[in-house]
Amino acid sequence: MGLVRVSTAELNGTSPDASDQGSLNEKIKLDLRQGKFPAEQNNESNHDPPKSHLQLSFKNQPHASRIIAFEIVISRAMLDLNSLNAAQRAAAEHTEGPSMVIAGAGSGKTRVLTYRIAHLIEKGVDPFQILSLTFTNKAAKEMKARIAVLLGNADVRNIWMGTFHSIFARILRIEASKINYPSNFSIYDSTDSKSLIRSIVKEMNFDDKIYKPSAVASRISSAKNNLISPRAYRENPEIMGEDAMSGKPKLVDVYAMYNQRLFQSSAMDFDDLLYKTNVLLRDFPEVLVKYQHKFRYILVDEYQDTNFSQYLIVKKLAALNENLCVVGDDAQSIYGFRGANIQNILNFKKDYPDYSLFKLEQNYRSTKNIVEAANSIISKNKDQIKKNVWTANEEGNKLKVNRSLSDNDEGLFVANDIFKEIGISGASNKSFAILYRTNSQSRAMEEALRKINIPYRIYGGTSFYQRKEIKDLLAYFRLAANPKDEESLKRVINYPARGIGKTTLEKVTILASERGVSYWETITTYLPQLEVNAGAKLKLQDFTTMVRSHGAQIDSAEAFTLAEDIAKSSGLLRELYADKSPEGLSRFENVQELLNGIKEFTDKGPEAEEGKKPNLSDFLIDVALLTDADQTDDDDNKVGLMTIHASKGLEFPFVYIVGLEENLFPSQLSLGERSELEEERRLFYVALTRAEKKATLTYAISRYRYGQLNQSEPSRFIDEIDPEYLDLPSSVRQPYQEKESSFGGTPWGRNSRPAYQAPQRNSPPESAAPPANMKRVSQVALAGSGGSTGILPGMQVAHEKFGKGKVLNIEGEAPNEKATVFFPSVGQKQLLLKYAKLDVLEN
DNA sequence: TTAGTTCGGGTTTTT
DNA sequence: CCCGAACTAA
């Protein structure tokens, strides 16, 4: 993504509603104390900082903490900072002025944060004046609970603690009218955003193969995260050049239209929650001042994962009191792909020259072997703050490395290993975690665990709230709160079927865009002008009447009562109940579960805690911003399955990192640039440092992808760990010996490849052609492996559907070889060999 | 207009 | 392989 830099000019165009460029310039030059962001600052922090900054910034500090005796604190009611080590304590006690805490993995970061906040409150700071930004809502919840324990129950619920998105969504709701939004605006999730982009691309008659919604969406998201308005975007030759280069010169028009449609729909996407907060704080000094006074103490956790937009919000809010404490670890920055900017850590020093720096380097979590192995791999990164993470814990086991023949074998190995470990050490299920790079890898693990009856739980994945039936019901809720919500309207206007079909909707789309109004206004105010037959109009009226009746109750009715009413009166519940298939049953149950969730929220959600009566809009904000890690009920004793991203901040005695293969982890998409490869390496570092006692690394030499078996080779990350800490399987150093000879005995083990050849595709040499005795699976495997398929012109082949045929020609480079094949049954076909399942019949 | 079916495209990671 | 989108038959 080329949108990482922001220049002054771009920031000047920050507001989409900005009236006048000149006056904005003036505003930005105002005193920093007023929360303005000095222009030169902006340049400095974002234009190619010299790389040397990355290394020299911090001197090593001696391990003072080693000499501090460890005390166990039993007292509950009194806060006792003696239970912290010297560095932790210093960080917790330093309450006034800017400070940064660089916290190595497992160094008790959360502890410092909780003690710090508890300490503040004990000193007499009103919880209302503390803003604490966390990475997940769950982290916030847990931290509040811990603070409550430390303080013996002060009013911790009054602390503003939560994710950036949820905190600022709350603030935006309060201040919405200032930026011309209603307070019940909708929040579009990424699916909604993409769907809206898809419609716009279609309406503009652009080719959606070129303007792919996901690509366009990520481009727009990058722009927003860097506070680049459509206008600034258009005026930036560099960005426009990139779009032109990629064949999407009109992308900016989609961006502009997208924003317009969001506005018409009274909706904000995730990025808008931060963007609009910036607009609010920039254009309404009185609002800024209000929150500057309110939030006298600001803490930011996981600071390494903040993006420019978040950085600027924090900077503005903290400008008055400068009681800002940021906590992070550059080595654990893994969200670069969504705009997170490590530079925020590195620039802290420039923004607050008199800041205090604390480094937490003692790891309390893991064994020496794990810590050292993690250190050895992260040292391969160039971009990092030098620090020395160490532990006084026991040596522990070396990291076990396992090789499997396939992804399914890998699953079986992991499941069996867990089973064995439970047998030996009596560990509980929940002390195990299986971490993977992509969600799709969970499947083999699940199957294997199920086979031997080990209970497991998946974190994230296709989250509950992404399911169709749930999104449908939520769309009705959203519509009740905000009928202008276009995406929700489109989703449910004809579900359950009520005779409002494609033709009608097309007419609505056209009229809406002619008038420049929302769909809702089109089917209410402009209904008479809509050129559809009387029957359709009647149906539309019925629909709007229903939505209105839901909407009428939104503020008065209790969330649960209304939710249930909507589920019934919309016909959705009936529709789902009618479906007696197993899937239908589960959909019905899911909806019930959602309703239960609302019940729970009504009884003990944040609003209920504050003594207010929670309504459905409150629930919607809450639910829109839930993270995958926020799922509740984690007391149950189950093995955890999750992506590494989702594992951030968690810890487990036994950790399995699976799928350590080139092109999977590191992902092939990251191989292009060093910075991206380094992010993958940090991701691996995060994975490894989740482990307390034992870490097991596994890879498979073949794996299903797109339903086809592919060859794979071990990840470079295994190579990069100092072998001193590894317990390698005997055959790893020379893979594909005896046992695997049936795969062709290829010499392309990973040791034949120089360790750092990032951009190179890992393809087996041509000699990897299958031996004659090869079974079909292996044939298919090679076909998809990215290497030569062994299929040559003249060969007789068989295709699953087309039957026998003759290869006429092969063109293109592996892995995108295209074959022209003549099938007597269907004629000549062009087939991509990596997808087509071709069997060689004879040479 | 709807339901049922084929087709085609896609894989990081997530607020 | 699995999803959603487009196509097609009623």
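Just so it is clear, the structure is predicted and the values come from calculations on it, not from any experiment. FYI, side chains are in, hydrogens and waters are out, and symmetry mates aren't considered; it's all heavy atoms of this structure.
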(request) For A/Phe337 and B/dT13, say yes or no: do the ring centres fall under 5.5 Å of each other while the ring planes differ by less than 30°? (result) yes
(request) Take atom NZ of A/Lys648 and atom P of B/dT14, then tell me their distance rounded to the nearest Å. (result) 12 Å
When you compare the protein's N or O atoms with those of nucleotides 2-4 of chain B, which come within less than 3.5 Å of each other, and at what distance?
unit_1 : atom_1 : unit_2   : atom_2 : d
B/dT2  : OP1    : A/Gly499 : N      : 2.9
B/dT2  : OP2    : A/Asn494 : ND2    : 2.8

(message) Holding to ring pair (Phe, Tyr, Trp, His ring centres under 6.0 Å), I want the full list of residues that pass it with A/Phe543, two or more places apart in sequence or in another chain.
(response) none
(request) Could you list the residues that satisfy side-chain hydrogen bond (donor to acceptor under 3.5 Å, both in side chains) with A/Asn307, not counting sequence neighbours? (result) A/Asn225
(request) Can you sort out the partners of A/Ser406 under side-chain hydrogen bond (donor to acceptor under 3.5 Å, both in side chains), two or more places apart, ordered by chain and number? (result) none
(request) Could I get the full list of side-chain hydrogen bond (donor to acceptor under 3.5 Å, both in side chains) partners for A/Tyr303, not counting sequence neighbours? (result) none
(message) Measure CG/A/Asp269 against P/B/dT14 and give the value in whole Å, please.
(response) 18 Å
(message) Pick the closest DNA chain B nucleotide for A/Lys539 and for A/Arg338 by heavy atoms, then say which residue is nearer the 5' end.
(response) A/Lys539
(message) Heavy atoms from C-beta onward define the side chain here; which of B/dT13, C/dC1, B/dT15 lies closest to that of A/Arg443?
(response) C/dC1
(request) Specify the separation, in whole Å, of atom CD1 of A/Ile644 and atom P of B/dT14. (result) 11 Å
(request) Tell me, please, which residues at least two apart from A/Tyr495 pass ring pair (Phe, Tyr, Trp, His ring centres under 6.0 Å). (result) none
(message) Base, sugar-phosphate or nothing for A/Phe665? Non-hydrogen atoms, less than 4.0 Å.
(response) nothing
(request) To the nearest 0.5 angstrom, please state how far the CZ atom of A/Phe684 sits from the CD1 atom of A/Ile657. (result) 5.0 Å
Please enumerate all protein N or O atoms sitting under 3.5 Å from an N or O of nucleotides 3-5 of chain C, with distances to 0.1 Å.
unit_1 : atom_1 : unit_2   : atom_2 : d
C/dA5  : OP1    : A/Arg198 : NH1    : 3.2

(message) List the residues meeting ring pair (Phe, Tyr, Trp, His ring centres under 6.0 Å) with A/Tyr685, not counting sequence neighbours, and say none if there are none.
(response) none
(request) Kindly point out which of B/dT14, B/dG10, B/dT15 is positioned nearest to the side chain of A/His165? (result) B/dT15
(message) Among residues at least two apart in sequence or on other chains, which ones pass ring pair (Phe, Tyr, Trp, His ring centres under 6.0 Å) with A/Tyr335?
(response) A/Phe135, A/Phe337, A/His645
